[in-house]
Amino acid sequence: MKENRILHKKIFLYLTEFFAGMSVMAVELGASRLMAPYFSSSQIVWTIIIGTIMIAMALGNIYGGRRADRDPSPDKLYGRIVIASVWIALIPVLGKYIIVGISGIMVFAVDTYFLIWAAFAACMVIFVFPLFLLGTVTPSLVKYTVDSLDDSGRTVGTLNAANTIGSIIGTFLPTFVTIPAVGTSVTFLIFAGVLLLLSLIYFISNKIRSLRAVVAVIVLAISCVFGSSDHFAFWEEDLVYEGESVYNYLQVKENDEQVSLSTNVMFGIQSVYQKAGGLTGTFTDYALAAPLMAGQGEKENLDVLMLGVGAGTYAVQCRQYFDNASVEGVEIDEKITWLAGTFFHMPQDVPVTNYDGRAFLNVTDKKYDVIFVDAYQDITIPFQMSSVEFFRRVSEHLTEDGVMVVNLNMWEQDPDNINAWLMDTISHVFGQVYIADVPLTTNQELFASHTGGLEEKLKNSLPSIKDTQLQGLMRQMSRTLRLYKPGNHIMTDDKAPVELLGMQVIDGLIRKEVSYYRDLFDREGLAGLRRELGVCLSFPILNN
């Protein structure tokens with residue numbers, strides 16, 4: 001190996017290992033945030049990300065070791081790091097378009113586990129190559145640092161320690177500093193810049209002219225201009241806010257009639273504020289039956305707890321329709337709480353604890369007349385808030401005639417769907433469970449109590465409802481409310497397969513939504529799709 005001044009004391013090699021380990025973990029965490037707005041942040045998506053990255057690193061280790069044996073010049077290693085930095089810098093510019101493109105192809109290519117296949121394909125295309133290149137770092141550095149067998153153990157141990165320490169910092173820094181402060185896109189750019197700077201120091205200190213490095217600097221500069229925005233829903237024109245928190249991707253839309261919050265660009269709306277007041281046309285309208293079932297009209301004070309406040313739609317409605325309602329909430333995402341006060345007019349005197357809903361129940365002794373559980377995170381359910389143990393904790397915090405209402409947002413006909421599992425689990429805890437379908441949606445509202453008779457209580461409360469619009473809705477709901485007959489699906493803290501069950505529902509929804517376009521493609525090919533999509537783009541109402 002030729003004389004190389006910067007490598008003479010090996011410190012630069014240890015720094016290279018340190019920053020490579022840091023960048024790998026930063027890219028992995030960035031991958032989860034880039035994917036979450038489109039595919040959710042479930043355990044399944046995390047498994048796909050970790051699995052594909054481990055594949056890339058393993059292949060990189062093999063390739064890097066062989067290249068180091070064949071050509072022991074560090075110039076090649078730092079050249080690969082330059083390429084990796086360029087690729088990572090381009091992810092904020094091109095990544096979201098690649099994800100949407102792959103999703104569009106997968107809609108027509110697969111019938112089951114759409115999100116799994118689409119997420120896997122997106123990971124392979126976007127992240128495998130740069131992490132394969134970074135995977136070549138460790139075996140190459142071992143080749144350059146080990147001078148003899150006498151100190152090989154100590155040298156390799158030091159390299160691994162440097163990589164591990166870098167990985168630790170690369171785990172905490174994006175999660176708690178860069179992503180909340182400047183977003184996912186800028187996080188990618190920061191670590192791309194770190195890798196590029198590392199390579200530039202090597203080339204400059206050794207007086208090596210590298211056209212590759214010059215091009216990389218130009219690409220990074222261009223990416224900083226065009227890729228520094230976290231505009232994941234790039235086709236949306238009416239966003240008044242788009243950002244990220246420690247837990248979620250967040251977007252707020254506004255039009256002349258309402259403001260809405262979504263945590264996923266492809267599926268669902270979490271909260272709605274109607275500017276003219278009144279009912280929202282969403283599942284929270286139906287959840288207003290819970291206070292009536294709990295005897296709201298007979299109580300001086302009605303204590304309502306929301307586990308999953310979102311942007312406060314239910315809090316606003318409870319305060320609007322029930323003068324005696326005392327509302328408080330638990331919301332794990334502090335930024336959503338800020339959005340609730342900024343865009344959704346949630347009353348300032350509604351206390352919100354930024355904490356996990358189940359953990360909150362573990363530390364409070366208060367009992368409530370109504371507990372509203374809306375624990376969906378984007379399109380998934382936290383498993384710890386779907387188990388029989390969780391619902392027992394909810395039951396313990398209800399008054400004697402208290403009512404739990406749960407928003408179930410992935411209804412389908414399959415008797416083994418995720419809602420059936422949830423309803424059976426809840427029925428294992430509560431004496432009676434009632435279900436109401438929310439028209440024109442995939443939502444169902446579940447009402448549970450120990451005393452029973454909820455249907456009769458709702459009917460008896462109808463004359464006391466002052467608002468005619470709400471009274472009409474509750475009257476209609478009282479005719480469709482039905483007692484649930486439980487099955488044997490029980491979810492526990494040990495076994496709650498919410499991710500797989502949720503994926504099955506999403507597959508069904510996607511198949512239903514795209515069946516028309518698949519048939520059109522079978523009949524007329526791409527020409528028919530282009531014609532139809534052109535019509536849809538000309539008439540935006542068809543896209544709602």
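These values consider heavy atoms only, across backbone and side chains, with no hydrogens, waters or symmetry-generated copies.
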Please test E257 against K275 for salt bridge (Lys or Arg N to Asp or Glu O under 4.0 Å), starting from the C-alpha separation and ending with a verdict. CA-CA 6 Å; E257 297 177 352; K275 294 182 178 180; over 6 Å; no
Can you list the steps and then say if S387 with D493 is a side chain to side chain donor-acceptor pair (under 3.5 Å)? CA-CA 6 Å; S387 67; D493 285 348; 2.6 Å; yes
Run the side chain to side chain contact (heavy atoms under 4.5 Å, CB included) check on V304 and D369 step by step: do they pass? CA-CA 6 Å; V304 179; D369 300 294; over 6 Å; no
Under the criterion side chain to side chain contact (heavy atoms under 4.5 Å, CB included), I'd like the reasoning laid out for V100 against Y38: C-alpha separation, chi angles, the key distance, then a yes or no. CA-CA 8 Å; V100 171; Y38 307 96; 4.0 Å; yes
Intermediate values then yes/no, salt bridge (Lys or Arg N to Asp or Glu O under 4.0 Å), D424 and K485: CA-CA 8 Å; D424 288 354; K485 296 180 180 180; over 6 Å; no
The test is side chain to side chain contact (heavy atoms under 4.5 Å, CB included); show your working for T280 and Q258 and say whether it passes. CA-CA 9 Å; T280 64; Q258 66 180 27; over 6 Å; no
Begin from the C-alpha positions of Q296 and Y321 and carry the test side chain to side chain contact (heavy atoms under 4.5 Å, CB included) through to its verdict. CA-CA 11 Å; Q296 171 269 334; Y321 291 110; over 6 Å; no
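For N255, the CG atom is densely surrounded, since the number of other residues' heavy atoms within 6.0 Å is greater than 12. More than 12 heavy atoms of other shown residues, nucleotides or ligands fall within 6.0 angstrom of atom CD in E396. Residue W117 places its CH2 atom among 12 or fewer non-hydrogen atoms of other residues, nucleotides or ligands, all under 6.0 Å distant. Other residues, nucleotides and ligands contribute only 12 or fewer heavy atoms inside 6.0 Å of the OH atom of Y355. Atom CG of D365 has 12 or fewer heavy atoms from other residues, nucleotides or ligands within 6.0 Å. More than 12 heavy atoms of other residues, nucleotides or ligands lie within 6.0 Å of NZ in K366, so this atom counts as buried by the packing criterion. Annotation for F120: atom CZ does not count as buried by contact number, only 12 or fewer foreign heavy atoms lying within 6.0 Å.
Under the 30°/60° scheme for interplanar angles, the aromatic rings of F430 and H450 are found to lie parallel. The aromatic rings of F176 and F172 lie parallel to each other, with less than 30° between the two planes, well short of the 60° mark.
Listed for the D333 side chain is a donor-acceptor partner under 3.5 Å among the backbone atoms of K335. When atom types are taken as modelled, the side chain of N324 and the backbone of K299 share a donor-acceptor pair closer than 3.5 angstrom. At least one donor-acceptor pair closer than 3.5 Å links the side chain of H397 to the backbone N or O of L361. Under the 3.5 Å distance criterion, the side-chain polar atoms of Q270 are left unmatched by any main-chain donor or acceptor of A311. Looking only at distances, a side-chain donor or acceptor of Q471 sits under 3.5 Å from a matching main-chain atom of L462. Here the side chain of R475 pairs no donor or acceptor atom with the backbone of K459 at under 3.5 angstrom.
Put simply, the residue from E242, E244, R33 that forms a side-chain hydrogen bond (donor to acceptor under 3.5 Å, both in side chains) with Y249 is E242. With M491 as the partner, the side chain to side chain contact (heavy atoms under 4.5 Å, CB included) test is satisfied by one option alone out of F390, F383, W421: W421.
The ring of F372 has its center closer than 6.0 angstrom to the ring center of Y314. Taking the six-membered ring wherever Trp is involved, the centroid distance between the rings of W338 and Y241 falls below 6.0 Å.
Shown here for T425 and S386, the closest heavy-atom pair between the two residues is CG2-O, 3.9 Å.
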